[in-house]
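Here is the structure we will look at, set down as structure tokens.
Here is the naming used below: chain letters follow the sequence lines, and residue numbers restart at 1 for every chain.
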Amino acid sequence: MTPGITLKSARRVSVFDLSQPGMGGSGITDPDFDGETLPTELAPVATRAKTGLPELSEIDVVRHFTRLSQDTFGVDLGPYPLGSCTMKYNPKRNDTLAELPGFAHVHPAQPADSMPGLWTLFHQLQNHLAAITGMDAFTLQPAAGAHGELTGLLIIRRHFESLKQNRSVILIPDSAHGTNPASAAMSGYICKIIPTTTEGTLDVGAMREMLNDDVAGLMMTNPSTLGLFDPNIAEIAAALHENGSLLYYDGANLNALMGLVRPGDMGFDVIHINTHKTLSTPHGGGGPGAGPCGVKAFLEPYLPIPVITQDDDGEIKAQFDRPLSVGRMKSYFGHVTILIKAYCYILSNGAEGLRTVSENAVLSANYIQSSLADLLPPVFQQRCMHECLLSGGDLDVDPFDFVKRLIDFGVHPPTLVGAGCVHFSDDYDAAMLIEPTETESLAVLDDMIAQFRKVAREVELARYMIETAPHTTDVAKIITDEPAFLSMLEADKPSSAKTS
Amino acid sequence: MTPGITLKSARRVSVFDLSQPGMGGSGITDPDFDGETLPTELAPVATRAKTGLPELSEIDVVRHFTRLSQDTFGVDLGPYPLGSCTMKYNPKRNDTLAELPGFAHVHPAQPADSMPGLWTLFHQLQNHLAAITGMDAFTLQPAAGAHGELTGLLIIRRHFESLKQNRSVILIPDSAHGTNPASAAMSGYICKIIPTTTEGTLDVGAMREMLNDDVAGLMMTNPSTLGLFDPNIAEIAAALHENGSLLYYDGANLNALMGLVRPGDMGFDVIHINTHKTLSTPHGGGGPGAGPCGVKAFLEPYLPIPVITQDDDGEIKAQFDRPLSVGRMKSYFGHVTILIKAYCYILSNGAEGLRTVSENAVLSANYIQSSLADLLPPVFQQRCMHECLLSGGDLDVDPFDFVKRLIDFGVHPPTLVGAGCVHFSDDYDAAMLIEPTETESLAVLDDMIAQFRKVAREVELARYMIETAPHTTDVAKIITDEPAFLSMLEADKPSSAKTS
Amino acid sequence: MSPLPGYNVLREQDRSHMLDKIGVDSIDHLLDFIPTDLRLQNPLDLPDPMSEWQLTRHLKELAAQNENTDSHVCFLGGSVYDHHVPEVVNYIASRGEFLTAYTPYQPEISQGLLRVLSDFQLVVGRLFDIPVVNCSVYDGATALAESAWMAISASSIHRLIVSDNIWPEHLAVLQVYMANRKVEIELIGHDAHSGKIDQADLDIALQQPAAAVIAQSPNCFGIVEDLKEVIHNAHQHEALAVIGCYPTSLGIIEAPGTHGADIVYAEGQSLGLSLAAGGPTMGMIGTRESLTDYLPGRLVGETKDIKGESALALIKQEREQHVRRDKATSHICSNQALMALRSLVYLSLMGENGLRRVATLSAQKAHHLCAELERIPGISRSYQGPFFNEFCLDLTVNTATLLDKLRQQGFHAGINCSANNKDAQQRILIAVTETQSLATLDHFATAFAQTIDQIS
Amino acid sequence: MSPLPGYNVLREQDRSHMLDKIGVDSIDHLLDFIPTDLRLQNPLDLPDPMSEWQLTRHLKELAAQNENTDSHVCFLGGSVYDHHVPEVVNYIASRGEFLTAYTPYQPEISQGLLRVLSDFQLVVGRLFDIPVVNCSVYDGATALAESAWMAISASSIHRLIVSDNIWPEHLAVLQVYMANRKVEIELIGHDAHSGKIDQADLDIALQQPAAAVIAQSPNCFGIVEDLKEVIHNAHQHEALAVIGCYPTSLGIIEAPGTHGADIVYAEGQSLGLSLAAGGPTMGMIGTRESLTDYLPGRLVGETKDIKGESALALIKQEREQHVRRDKATSHICSNQALMALRSLVYLSLMGENGLRRVATLSAQKAHHLCAELERIPGISRSYQGPFFNEFCLDLTVNTATLLDKLRQQGFHAGINCSANNKDAQQRILIAVTETQSLATLDHFATAFAQTIDQIS
Ligand SMILES: Cc1ncc(COP(=O)(O)O)c(C=O)c1O
Ligand SMILES: Cc1ncc(COP(=O)(O)O)c(C=O)c1O
């Protein structure tokens, strides 16, 4: 393969295909050091002859990756209604602000008092997250949603350890995201699965039967990954707490709730937030995200170190000496630049803006659901939150094929069973989870709806063409066992008259 | 048209098509001002009801322009051998460095001593340009090549004015870039055209005949826009100077000469440089560029104000009090960010690097010329400089069609007559000017050559298919007036035997 | 050979191979046709090459020496303003496809860029309320000079009537451009009270035939002119009206085109371009259809491909230097396409309401500040005409001293126009944009008052 | 309704129309299904919304408060280094298509991203000299934890032997991840002279069955370990070898894979990621083919489309949480894809020679500085083993005081490891990268000597 040419083939080309020995690595020079002679002491152990890295010129690198980017679909190119992933617009300003030298070029091992701006930002962000969620304290350390789950579950563990209670079970609804059971397993818990009722909510009766001394907690997403708000949440929380168990909130769906309902008020004890969903930090092709974890006050001592808190004298500090802490979840302080973007997002919106965000997210999803109801009826006959679960069961084609066809019309497919990040039980195997997000205008929503209909019409048209074939004969299809029409009898007359 | 959808149609859509009343303009708020009530005094004159500007959401803007960018070919996507335009790789680092807050956020009316970093940079850049070109003094003010020409010509005017000589003619070779005569006209000169010899160089005899008291100067590009170095340049300069006239250098082709030959040493009195060509500042879809203008010492008093110079005490200052100056060519100091990129380019390369740049530019052009000689013979039977003028006269198709076909193979067409920035006289109407630049690797050059050949083969193949038709009959074409072959006679035998 | 800084891509073996193919044994021999005595004998006198990190450090050091709008609150204007540049503008303009393209001579692979330039023309047309707009010229000053030449070419009259309250730098450039083409420039004065064009002066000047009357609004004192009257007057005497404007102000102030201007020109920096120490900015020119053939620079229009499908391309190139050479409308070749892109993105983001708000906020804040400063004893408004976001104050203290003291307090307080100003000895021009907060304005007013107090 | 900050795009009339279609008369009613007592009664307690320019100013103010590598020369390391990040890396990673894509679940429209991730796997595979590499995990610390769990899953042995000279933070995270899964961690010591793993200790530990031996080279003192021996020893006792490395050092130091490591993990920050106060960085994991099914996270591989054309897609998802749930190899879902992109671009730019040069220059400069500092009386190298670009010094003065005084002179001089260190009372860890000039190093050495002088 030659570098540089043939525009459309970048995806077929690996960096090794573009490699030319002796190319690249240029400009790595220093007038005062030769860059070649190994320090005497190091030489005996620095014996690597070749790494086998590809050798490209700078221009080939720029071209290759520019082209690859053009072969990648992102929110910047079109609507991306991938249910549960909240693919909304990521404001460009936030990306730039997070890269200011005073953030990007800070070494994490610098003296604590050399980065007061960062401490202030962390502390403010923690407060804002607490305000949004109704929790009492936050750690910004977790690297993503799943990591927030693990952090939260370990906090739950520590809680029971300090109570000297031995609880080994985490209850998880069957509709939960895969990270929930996986994180539960990683924190040493046994998962027990709670079924979903035919209304799409948690089966409270089944749950009550599962409650016993061994249950450490329940992990829930509300709204669930079926897009529904569970109205029994207060009852669930009460039952859990009565059992001495804790309630964990998977905040991946918080985009539906800002300014409307707070997890803390619903009775959750530990939560995480996916900033890359709700707070609009870009997903980067699969990460990095950030998964701040929030707790009620009684769990605060267990937060991972370091904890960023404000002293009585107003100084913000990173505390390491926290004997009850779960320990450290990752290096340093968390995904700083991602957190900065979330902070910017909150400050740009304010209270009313965030409420509008959630209102519009819910409104848009319900609009899609209502507009497509004849074609794709909702799996549960209810209003949805920020995403709607529609049934493709009435379609004449496999929903998998159906959504792929949307690509041809510029729409990213919604989430399907086994094709995305969400788990559906077998009952909904023809379902699709559509999350339009609040950043698509009505025009885009209407266009998106039109594309769904266009694909459906293609199927209808194909069926019509078959059902009405042949089309190339002089007369059209004749169905002989059809009852004779009056008009046909009448039509007979002249011809019989002729022959008589 | 709906915003957001249908990926490939962005080019068909104007921002007005995407407009939705009431959209956009958001976030323009201030807690302390309502942004609506006009100041009492201003209200009577601020009566505009509507501007008619399009109304788009931020996400629609991002998507639309992202898509439009994908529908635009730049050096970042592939080779761009557009003769005379020097479309080489533009290092990304330079773009970023020019946007540092200490450059991008400086107001030009700030006190002079509030921007010493910029003065230093300007002054260093002037010195470096002087070193590269062999000139004595530079102004960075001109906005582009053509603007540099105008500046230089006005300097020439001032020179003769101060000598109280009335000279009204500028000599220009017929191969000159269109900006040369246009700038001459704008500076009030009459253009007289010098023919090109059959060797491709300036017709020195013809020129000598045109020299008289009325000739202010000669504008020349060397190498010329025919890609040739004019070896008679010393003679030309001597003749001009003897006539009391000045020699102007159009530096658009300086990419061929750095570290090899200097315009100042060739005898030029005034020059401009296209930083966006030689010094690799990106062309931005047609600009901005920068056209620093350099002069020999005796012309220094005429440079436009402000002149950036170093005091005896080492301080760098912008001088305004220059009674002999041509005056001001544009607002403020020139295209600062573009100049910063040129400065970065020079510092990254150093003397040896720049020489290598020019060597490789010349080498690449000659390589292309040699490799395509059978297909596209050079218009002049000589080695070229950084670009080669090849004749498409032997092709079986119109060169215009020929080069368009290159697009399908990922190569930007070279410069043709009437299709680009260069002027060719009618003699070369089948010619194409190919400037590969030094930033294309040998692999890319070879691939480019292969694409030229591929297109030529298509023509041959088509002709072969016609010449050897019919192809669908049982026997192939038979040409009856061809002499009979022995083999045919022999072939007759068995069949005649059969019938006998 | 030393390692190259990343963009010279021919290896030694490549060079040998290429020399072989060409049939010479060295670069030196390849260049045989260059006379030896012209060949440079010594390496260029340049500093040693820098690695990317050295270069970065060096440029950061230079940049850090410059005061800027992060270090100082900026009340400087004078055709270039510290308006907010939305990050989307920077982002789009940094996309490599746009950044590294040339003029779209090959329309088949430049439809995206052509759409940008075409939409720029259309959007600016609306803003100016004028049908034809070109793809930009260098800056506001050269836009004025090119506009003036359009009027002269169209009328064949070599005389211009120019208001003396246009930007001094614009006037200076106009003079340079016109001087050598034998164009007479007649300056007319302004009213010492209102700061507007002296209509009586204009009347007198119009007694002689002129190609055009040139005026600017808001003018160089920040005052909004009575354009309707000026234009009417010009037209009465068969002179064209060439009007300079401040694009941001057009969010609330009637467009010159609406008043009948024949040619509208502007410095476009306020539309999403950074200050960048004054460059690159962007010159904008719009005109009536009948003057299209006199326009300088690129024009984009709709055409058809060979299949009959609509497509965009450069049009009317017969005006341009690469076709018409010394008879071209202008010499311009490289223009400010990337700046046109920026301003199109900016105007698309702002839209109807956004530009109105930017303009209104700028005006509100300027008027607030002006009122605060006028309360300071010894300070008075220089002119009483209505201003947009920029105003002149006459002082009783030394302007240079005042500015210097305020600079030490973190303010670039205004432009000192004491020198080239005949109406008053000590004068300052102050511009305010939407980006200054009330707290900053009030803080500045206090500092201003205290400093005046100190030095008077 | 107040103007929204640019990304809420439903106008009042849109909202009404949508409510109509849904068949409710207000958002409040739409949300009827939420019990009233759960509904928030008051607005969220958040600051007023900021315009883009207010936000920008606010963030610039916060950023300006932080010392950084522009304000201070940085000799800090400890798994995260101030290597140069070529601007091309920033540029490519800021392209919106990459930045705003999700995990490539729809391969048909993600071939570009999939190629990036696939090439990342291949290129890192070469660097580590190991065949299978995943698409990244959160950071070096979690990479270690995930690697350890791979070994445990593969061996079903719940015991790890861990060298005590891996990064303390990595160890801390490992402990957290393992504690709740009932994994025993046995720490083995290091040789007080060389700073390397105490092989005798290792031998003893290996008397009991272990899932893996975990070691890191260069270790937390900067010393290059005798990996071959460690790995051989582990294999002799049927333990897997899990080896942490510093990717940059692999430009000159033999890859762990070459020595037979079964699992290689690393903190990838040094490969084109900015410091960013430590996050996001990137965890890298590579392994032998036989352990592929135990890998956490995404894997990209080649497949065919329905026309039989080769295409890229996510593969082996049956390991992952969205398929296998509580039986998954890991819970990881969002990973560090954008960082993987950065490091791929970085490694492509560097290539064979570039990485070697970066590694060599870093080592040369570190050794030069170390030699200079060792000359200062009262300073000694903590360990005699060969180091790469980071070294420990034992001091006779108070480390905190020294660091503080040097900070005042513009140096972040090193990491204070006096606290959690049993070999010496006062200790500092100094890292040097290719970006420090000789002049800076010598200037620092002088400052260091003078400061020691002052305070001792
Ligand atoms: C409901 C839910 N929970 C948890 C997660 C995991 O979050 P992350 O990918 O940030 O680890 C997701 C991600 O898709 C999710 O949708
Ligand atoms: C030979 C020559 N001279 C002058 C110019 C004009 O330069 P600019 O476009 O910078 O005005 C060009 C541009 O193509 C050129 O090729």
Inset, instruction - Specify whether Tyr102(C) and His283(B) have parallel, tilted or perpendicular ring planes, treating 30° as the upper limit for parallel and 60° as the lower limit for perpendicular. - result: perpendicular
Legend entry - Min side-chain heavy-atom separation Pro111(B)-Leu403(C) under 4.5 Å: no
Inset, instruction - Name the region of Arg407(C), side chain, backbone, both or neither, that has any atom closer than 4.5 Å to a heavy atom of chain B. - result: side chain
Inset, instruction - Identify which part of Ile92(C) has an atom lying under 4.5 Å from any heavy atom of chain B, answering side chain, backbone, both or neither. - result: side chain
Inset, instruction - Could you tell me whether the side chain of Thr72(B) and the main chain of Leu113(C) form a donor-acceptor pair under 3.5 Å? - result: yes
Legend entry - Proximal component of Glu36(B), with respect to chain C [non-hydrogen, under 4.5 Å]: both
Inset, instruction - Could you tell me which portion of Leu100(B) (side chain, backbone, both or neither) has an atom closer than 4.5 angstrom to a non-hydrogen atom of chain C? - result: side chain
Legend entry - Residue pair Asp76(B), Arg95(C): steps toward the salt bridge (charged side-chain N to carboxylate O under 4.0 Å, His left out) verdict: CA-CA 10 Å; Asp76(B) 275 8; Arg95(C) 290 195 44 102; over 6 Å; no
Inset, instruction - Please confirm whether the backbone N or O of Gly35(B) pairs with a side-chain atom of Gln364(C), one donor and one acceptor, at under 3.5 Å? - result: yes
Inset, instruction - Check whether Lys60(C) gets within reach of chain B through its side chain, its backbone, both or neither, counting any heavy atom under 4.5 Å. - result: both
Inset, instruction - Select one option (side chain, backbone, both, neither) describing which atoms of Asn180(B) are under 4.5 Å from chain C's heavy atoms. - result: neither
Inset, instruction - Please indicate whether Asp45(C) has more than 12 foreign heavy atoms, meaning atoms of other residues, nucleotides or ligands, lying under 6.0 Å from its CG. - result: no
Legend entry - Heavy-atom proximity to chain C below 4.5 Å, by part of Leu154(B): side chain
Legend entry - Part of Ser249(C) within contact of chain B (heavy atom distance under 4.5 Å): neither
Legend entry - Exam field: side chain Arg181(C) to backbone Ser187(B), donor-acceptor pair closer than 3.5 Å: no
Legend entry - Interchain contact, Val123(C) with chain B, by part (heavy-atom threshold 4.5 Å): both
Legend entry - Given Leu31(C), Asp32(C), Val24(C), the one that forms side-chain contact (heavy atoms from CB on, under 4.5 Å) with Arg383(B): Val24(C)
Legend entry - Segment of Lys88(B) engaging chain C (4.5 angstrom heavy-atom cut-off): neither
Inset, instruction - Could you tell me whether the side chain of Arg126(C) and the main chain of Thr51(B) form a donor-acceptor pair under 3.5 Å? - result: no
Legend entry - Arg115(C) to Phe65(B), cation-pi by 6.0 Å centre distance and 45° axis angle: no
Inset, instruction - For the pair Glu359(B) and Arg15(C), find out whether any cationic side-chain nitrogen is under 4.0 Å from an anionic carboxylate oxygen. - result: yes
Legend entry - Arg67(B) side-chain N/O to Gly112(C) backbone N/O, donor-acceptor pair under 3.5 Å: no
Inset, instruction - Please answer whether the main-chain N or O of Leu118(B) pairs with a side-chain N or O of Asn66(C) as donor and acceptor at a distance below 3.5 Å. - result: yes
Inset, instruction - Indicate the ring-plane relationship of Phe33(C) and Phe229(B), choosing parallel, tilted or perpendicular according to the 30° and 60° boundaries. - result: tilted
Legend entry - Glu169(C) side chain to Tyr332(B) backbone, donor-acceptor under 3.5 Å: yes
Inset, instruction - Counting only heavy atoms closer than 4.5 Å, note whether Tyr80(B) contacts chain C via side chain, backbone, both or neither. - result: side chain
Legend entry - Side chain Gln110(B), main chain Glu67(C), donor-acceptor under 3.5 Å: yes
Legend entry - Expected output: side-chain Arg357(C) to main-chain Ile28(B) donor-acceptor under 3.5 Å: yes
Inset, instruction - Using non-hydrogen atoms and a 4.5 Å limit, figure out which bit of Met87(B) sits close to chain C: side chain, backbone, both or neither. - result: side chain
Inset, instruction - Check for a donor-acceptor pair, side chain of Asp14(C) on one end and backbone N or O of Leu442(B) on the other, with a separation under 3.5 Å. - result: no
Inset, instruction - Check whether any side-chain heavy atom of Ile22(C) sits under 4.5 Å from a side-chain heavy atom of Asn366(B), and report yes or no. - result: yes
Inset, instruction - Tell me, for Asp95(B) versus chain C, whether the close heavy atoms (under 4.5 Å) come from the side chain, the backbone, both or neither. - result: side chain
